[in-house]
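To start, the structure under review is shown below, and the notes come after it.
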Amino acid sequence: MADKPLRVLVGKIGLDGHDRGAKVVAQALRDAGMEVIYTGLRQTPEQIVETALQEDVQVIGLSILSGAHMQLIPPIVEMLREQDSSDIIVVVGGIIPREDITYLKEHGVAEVFTPGSSTEDIIGFIKRKLN
Amino acid sequence: MYDNENKEMLYEAKKAWLEKLNKVKEKHPERKTFKLESDLELEGVYDLLDMENYDYMDKLNWPGEYPYTRGIQPTMYRGRLWTMRQYAGFGSAEETNERFRYLLDQGQTGLSVAFDLPTQIGYDSDHPLARGEVGKVGVAIDSLADMEILMDKIPLDQVSTSMTINSPAAVLLAMYMAVAEKQGIPMDQINGTIQNDILKEYVARGTYIFPPRESMRLIVDIFAYAGENIPTWNTISISGYHIREAGSTAVQEVAFTLSNAIAYVEAAIKAGMDVDMFAPRLSFFFNAHSNFFEEIAKFRAARRIWARLMKERFKAKNPRSLMLRFHTQTAGSTLTAQQPDINIMRVAFQALSAVLGGTQSLHTNSRDEALALPSEHSVLLALRTQQVIGYEIGATDTVDPLGGSYFVETLTDHIEQEVWSYIDKIDEIGGAVEAIENGFIQKEIQSSAYRYQKEVESAEHIVVGVNKFTTSSEQPIDLLKMDPATSQRQVERLKEVRLRRNQGKVAESLQELRRAAQGSDNLMPYILTAVKAYATLGEICGVLRDVFGEYQQQINF
């Protein structure tokens, strides 16, 4: 295990107000020893990237249940690339149809967790990816 | 009912039975301890002794009688079934109008409008923050022109329409009134509900715009205006649904909802209104979750607590002020993406609990909602589920069929007690607004949500298809496909509306709204004038944002 704790940004993008999943995941990551920066609601892609760079995180966890994921998530990956920060991994949780999952993963999202995923799985995934 | 001698016999008999029970348990231990989310450990069986000294008249009485535990009408579903009301809306006003007319043709009896997020947060479809959201979780409504299309060929004096709209509720209500007026319908003949419950938006649902105090003013303005102009309209639907979806327990759902309700009643009284003027038009909205008997008891307890609150605390005299009327929706958060067809069964049991709990209207979720917005086929199945409950299985033949059940009455009493103790706690904090501002309610919900997640992950709580009886071969189902061109078309229509209208009238109406917002006039007439001039939702809310400011979410995390 690394000495320094992992730093993770957990954010709600778009106008969606359903933050139960984001908060539960944030708390679980924190309980697993990670440092979590929770952004709260109504973040734009630009705000997410800005906060992620400022806070020097290794992981961005985005929660979205409104269906706007196809418009809001690819720009985040794109902006990270432009800022030479493609090493930050982006994971997504929410109501995401199967074919959109395929698209998002082809466009730089590391993993998508749909309803019913366990926080253990999410923690395990992040640790595997970064070790 | 039992004299002392018979009571003795009963005690003796129970003692003997318990001895037998313990022997059985020694040989065949029970699978686990059985408890509710709110920590009540359940007995294996309940009996007459649990209802010793039970005061029937005080706690139950007959249906339609105070404290309305058994239902708000004497005949309940023997007179008329609940309103079958499926929440629907997506894409453009045309597409949603088509879905509405389909549902009405299939025997649905009321409409329920889902608006997209930009509409709910008071942004026009071309606002930068509306990116990707137009027409997604509901229909996009930018101006009266969209509302005219949404309600096209739907006779507004014959359907009742529920609108899930909160911060901009006054604007959407004004649009609806304007359409009814164009259809030539007198204002006392339109029926429906606006959600208009801002307090739960700060803790659970997130579509707030203005700070609490200004939001409360808008709500009280609507109470006062509607009382005089649209007397049969339900001016608020005080909602526990989203509090529960955010992870609360059943007890917290009722407690926080009723605490919010107390805040609205107090605000209206403080503004000089007589309680019996507005209380009969208050309505409620609850969640039907998975623990079948706990949910039934929850609905019954909520009715009893509300009746007592209104009578004893607020001295309401009109019986209608004391009756808790509520809409129910099955629990979206219990739907699973895994083996989605299982959701059909979950929804059916949840819906049955709402009916046995005496709901006035019901939305059943569709099986595919953990994956996407529901397809037409899935929505039809969900509606048919209600029709089976209503017409086939006999559940509606007797009023409050579980009334008097030792178990259900014990649960009802338990939930009532727990809710009162939360209400006392929130009173001590200084009321719901304070308890939201200091983060108490958010923290309570968050800790229940986290605990539930842990219980699912440790398989202490079983979710079929998720942590037991899983399968690796998932059958894909057909999902609703959104038309990607909808957003563009919506923006074009908005531009056209902005071009076509009388600009002078729009500017003047917005200027007058601004002045009124800065003062203390009731804002409804000003909003109605602006709406009729085709001022857009974003323009109207923009003026109010300028005057009232915007709420900044505090992150209690």
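Convention: sequence-line order gives letters A, B, ...; per-chain numbering from 1.
With a 6.0 Å radius and a threshold of 12 heavy atoms from other residues, nucleotides or ligands, B:Asp478 has its CG atom at or below the threshold. Atom CD of A:Glu78 has more than 12 neighbouring heavy atoms from other residues, nucleotides or ligands inside a 6.0 Å radius. The local environment of NE2 in B:His289 is crowded, with over 12 non-hydrogen atoms from other residues, nucleotides or ligands closer than 6.0 Å.
Summarising the geometry, atom CG belonging to A:Asp19 is positioned 12.5 Å from atom CZ belonging to B:Arg205; distances are rounded to the nearest 0.5 Å. Expressed to the nearest 0.5 Å, how far NZ of B:Lys136 lies from NE2 of A:His69 amounts to 7.5 Å. The CZ atom of A:Arg42 sits 8.5 Å away from atom CD of B:Gln553, with the distance rounded to the nearest 0.5 Å.
Between chain A and the residues B:Asp116, B:Ile121, B:Leu129, B:Val466, the largest count of heavy-atom pairs under 4.5 Å involves B:Ile121. Chosen from B:Glu201, B:Glu369, B:Glu245, the residue pairing most often with chain A at heavy-atom distances under 4.5 Å is B:Glu245. Here A:Pro97 is the residue among A:Ser117, A:Gly94, A:Pro97 with the most heavy-atom pairs under 4.5 Å with chain B.
Residues B:Ala337 and A:Thr114 share a closest heavy-atom pair of CB-OG1, 4.2 Å. Across all non-hydrogen atoms, the minimal contact from A:Leu41 to B:Gly206 is CD1-CA, 3.8 Å. For the residue pair B:Ile555 and A:Thr39, the shortest heavy atom distance occurs at CD1-O, 3.3 Å.
In this structure, the portions of B:Val137 lying under 4.5 Å from any heavy atom of chain A include both its backbone and its side chain. Within the 4.5 angstrom heavy-atom criterion, only backbone atoms of B:Leu371 (N, CA, C, O) approach chain A. The contact between B:Pro118 and chain A is made by backbone and side chain atoms together, counting heavy-atom distances below 4.5 Å. Residue contact with chain A, scored on non-hydrogen atoms closer than 4.5 Å, involves the backbone and the side chain of B:Tyr208 alike. The parts of A:Ile95 that come within reach of chain B are both its backbone and its side chain, each placing non-hydrogen atoms under 4.5 angstrom from that chain. Interface remark: A:Asp16 contributes backbone and side-chain atoms alike to the contact with chain B (heavy atom separation under 4.5 Å).
Residues A:Arg20 and B:Tyr450 form no side-chain contact, since every pair of their non-hydrogen atoms from C-beta on lies 4.5 Å or further apart. Using a 4.5 Å heavy-atom cutoff, the side chains of B:Thr336 and A:Pro115 are not in contact. A 4.5 Å side-chain heavy-atom check between B:Leu117 and A:Ser66 finds at least one atom pair inside the cut-off.
Among the candidates B:Gln453, B:Gln446, B:Lys454, the single residue satisfying the side-chain hydrogen bond (donor to acceptor under 3.5 Å, both in side chains) test with A:Gln27 is B:Gln446.
Using a 4.0 Å cut-off between charged side-chain N and carboxylate O, B:Arg131 and A:Glu46 make a salt bridge.
No donor-acceptor distance shorter than 3.5 angstrom exists from the side chain of A:Glu120 to the backbone of B:Glu457, with no hydrogens or angles considered. Side-chain atoms of B:Glu133 never come within 3.5 Å of backbone atoms of A:Ala68 as a donor-acceptor pair (strictly under, hydrogens ignored).
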